[in-house]
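The structure appears below as structure tokens.
In the text below, chain A, chain B and the rest are named by the order of the sequence lines, each starting its count at 1. No experiment lies behind these values; they were computed from the predicted model shown.
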Protein chains: 2
Amino acid sequence: MVVYALVLAAVVATLKYVEYRFMVKSLSTEVYIGVVAALFTGVGVWMGSKLIAAKKVVHVLPDPVVDDQAIRSSGLSARELEVLQLMAEGLSNQEIADKLFISLPTVKSHSSSLYAKLEVKRRTEAVHKAKSLRVIA
Amino acid sequence: MVVYALVLAAVVATLKYVEYRFMVKSLSTEVYIGVVAALFTGVGVWMGSKLIAAKKVVHVLPDPVVDDQAIRSSGLSARELEVLQLMAEGLSNQEIADKLFISLPTVKSHSSSLYAKLEVKRRTEAVHKAKSLRVIA
DNA sequence: CCCTGATCCATACGGAAGGATGATGGAATG
DNA sequence: CATTCCATCATCCTTCCGTATGGATCAGGG
């Protein structure tokens, strides 16, 4: 905003200068308006690109990524989330147990509770829903 | 562009009208310029948002899609691909059988052969690999 | 005409997955 | 201090999954 004010002031000053130098050459008011309009349309496009670009990036980036808010609102615990991610990578319960250094029953326990929280009955279903909710990548 | 020209013409006309009505009230040239500048800055922002938005969309879309070449080189048959896609959506073998109007053993037959072609042993693994190969969305 | 691959189906078996239930210890919260 | 939640493990039981094996039909290519 400060920058915009400065730019506007500078442009106005420049126009005044131009006005004094070329007014004698009978620049009509219509042409004058046209110049100002074209100029500030350009300024507007430039500003818009700057402002909107910043917003666009925010909306574009979270496309194939996880959504922290979705994770929190899912109610899944940290451990359940770990199990879920390994499930999504195609690991069996036993492989998950080995990788996390816990027993197979514990993996089943985690998986059962995460199924309940995601309201699904199968692991493939859980993975699919978790991805659609952006809980996992 | 045509629209822009029309809008500009309309605005200029309006300004001329306003000018004739309020010029007598000693509107300074600086204020006049300011109004025109602010107005067309707005027009510029609007134009910019329209134009840039269109370009952004084009660059965002081609991200999480299937690769036809990958499908062909995977060696999967059309039926196997159908089963695979339904697997990825979290359906059970029985649900897949119902949806495709075939028997459960047939679904198992297809799944077994697609496991072999993808060189995996579990459905979650198959889904994961197929997605990484862009065989399915 | 035979062979191959795709699609379809069946039976049977072992193993993995999922559900039910219960138990323990730790950490956090009120 | 009691309660609650998380994480851990266990056992029993049921269902689902994956594999093996075998067979049927049909289309297309050699």
Side-chain angles (χ1 to χ4, degrees), chain A residues 66-133 135-136, chain B residues 66-133 135-136:
Chain A
V66 296
D67 177 7
D68 285 8
Q69 180 54 39
I71 294 178
R72 281 188 290 276
S73 62
S74 70
L76 293 174
S77 73
R79 207 53 160 168
E80 288 162 357
L81 207 56
E82 278 186 284
V83 172
L84 179 57
Q85 287 168 201
L86 295 177
M87 272 182 180
E89 290 171 16
L91 276 66
S92 69
N93 285 340
Q94 186 60 61
E95 288 170 339
I96 295 172
D98 294 344
K99 181 159 285 190
L100 297 181
F101 302 105
I102 57 182
S103 73
L104 200 157
T106 303
V107 175
K108 289 188 174 186
S109 172
H110 289 315
S111 59
S112 282
S113 56
L114 78 85
Y115 293 161
K117 288 176 181 176
L118 290 177
E119 297 177 296
V120 299
K121 294 210 163 295
R122 284 176 292 278
R123 56 172 47 215
T124 47
E125 213 180 331
V127 170
H128 187 245
K129 187 157 190 176
K131 290 203 177 196
S132 73
L133 293 176
V135 168
I136 57 176
Chain B
V66 296
D67 178 9
D68 286 8
Q69 180 54 40
I71 294 178
R72 282 187 290 274
S73 62
S74 70
L76 293 174
S77 72
R79 209 52 161 168
E80 288 160 356
L81 207 57
E82 277 186 286
V83 172
L84 178 57
Q85 287 169 198
L86 295 177
M87 272 183 179
E89 291 172 15
L91 276 68
S92 69
N93 285 340
Q94 186 59 61
E95 288 169 340
I96 295 172
D98 295 342
K99 181 159 285 190
L100 297 182
F101 301 104
I102 57 182
S103 74
L104 200 156
T106 303
V107 174
K108 289 187 175 187
S109 172
H110 289 316
S111 59
S112 280
S113 56
L114 77 86
Y115 294 160
K117 289 177 181 177
L118 289 177
E119 297 177 296
V120 298
K121 293 211 162 294
R122 284 176 292 278
R123 58 174 45 215
T124 47
E125 214 180 332
V127 170
H128 187 244
K129 187 157 190 175
K131 288 201 177 197
S132 72
L133 294 175
V135 168
I136 57 175

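As rounded to whole Å, 12 Å separates atom C1' of dT15(D) from atom NZ of Lys121(A). As rounded to whole Å, 12 Å separates atom P of dC8(C) from atom CZ of Phe101(B). When rounded to the nearest whole Å, the span between CD of Glu82(A) and P of dC6(D) equals 15 Å. Distance, Leu100(B) CG to dA6(C) P: 17 Å, rounded to whole Å. The distance between atom CG of Leu84(A) and atom P of dG18(C), rounded to the nearest whole Å, is 12 Å. Straight-line distance from the CD1 atom of Ile96(A) to the C1' atom of dA16(C): 12 Å, rounded to whole Å. As rounded to whole Å, 14 Å separates atom C1' of dA16(C) from atom CG of Leu91(A). To the nearest angstrom, C1' of dG18(D) lies 17 Å from CD of Gln94(A).
A close approach under 4.0 Å does not occur between any side-chain nitrogen or oxygen of Ser77(B) and OP1 or OP2 of dG5(C). An OP1 or OP2 oxygen of dA20(D) is reached within less than 4.0 angstrom by no side-chain nitrogen or oxygen of Ser112(B). Applying the 4.0 Å criterion to OP1 and OP2 of dA17(C), one finds that Asn93(A) has a side-chain N or O inside that range. Thr106(A) has a side-chain polar atom (N or O) that falls below the 4.0 Å cut-off from OP1 or OP2 of dC9(D). Remark: Arg122(A) is not in phosphate contact with dA17(C), judged by side-chain N or O atoms under 4.0 Å from OP1 or OP2.
Across all strands shown, His110(A) has heavy atoms under 4.0 Å from base atoms, whether or not it also approaches the sugar-phosphate.
Candidate nucleotides dC17(D), dC6(D), dC8(C) were compared by shortest atom distance to the side chain of Ile102(B), and dC8(C) ranks first. Between dG18(C), dC17(D), dA10(D), one nucleotide has an atom nearer to the side chain of Arg123(B) than all others, and that is dC17(D). Here the side chain of Lys117(A) is nearest to one of dC6(D), dC8(C), dA17(C), namely dC6(D). Comparing dA17(C), dA10(D), dT11(C) by their closest approach to the side chain of Pro105(B) singles out dT11(C).
Residues Leu100(B) and Val83(B) are in side-chain contact: their nearest non-hydrogen atoms beyond the backbone lie under 4.5 Å apart. Between Leu76(B) and Ile71(B) there is no side-chain heavy-atom pair separated by less than 4.5 Å. Asn93(A) places a side-chain heavy atom less than 4.5 Å from the side chain of Arg123(A). Side-chain contact check for Arg122(B) versus Tyr115(B): every heavy-atom pair is 4.5 Å or farther apart. A heavy-atom distance below 4.5 Å is found between the side chains of Ile96(B) and Met87(B).
Annotation: of the two residues near DNA chain D, Arg79(A) and Lys108(A), the 5′-most nearest-nucleotide partner is Arg79(A).
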Can you list the steps and then say if Thr124(A) with His128(A) is a side chain to side chain contact (heavy atoms under 4.5 Å, CB included)? CA-CA 6 Å; Thr124(A) 47; His128(A) 187 245; over 6 Å; no
Before you tell me yes or no, could you show the steps for Glu125(A) and Leu118(A) under side chain to side chain contact (heavy atoms under 4.5 Å, CB included), namely the whole-Å CA-CA distance, both residues' side-chain angles and the distance that decides it to 0.1 Å? CA-CA 9 Å; Glu125(A) 213 180 331; Leu118(A) 290 177; over 6 Å; no
Heavy-atom contacts, protein to nucleotides 22-30 of chain C, under 4.0 Å, summarised as B (base), S (sugar-phosphate only) or - (none) per nt, yield ---------
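Put simply, the residue from Lys117(A), His110(A), Gln85(A) that forms a side chain to side chain donor-acceptor pair (under 3.5 Å) with Glu80(A) is Lys117(A).
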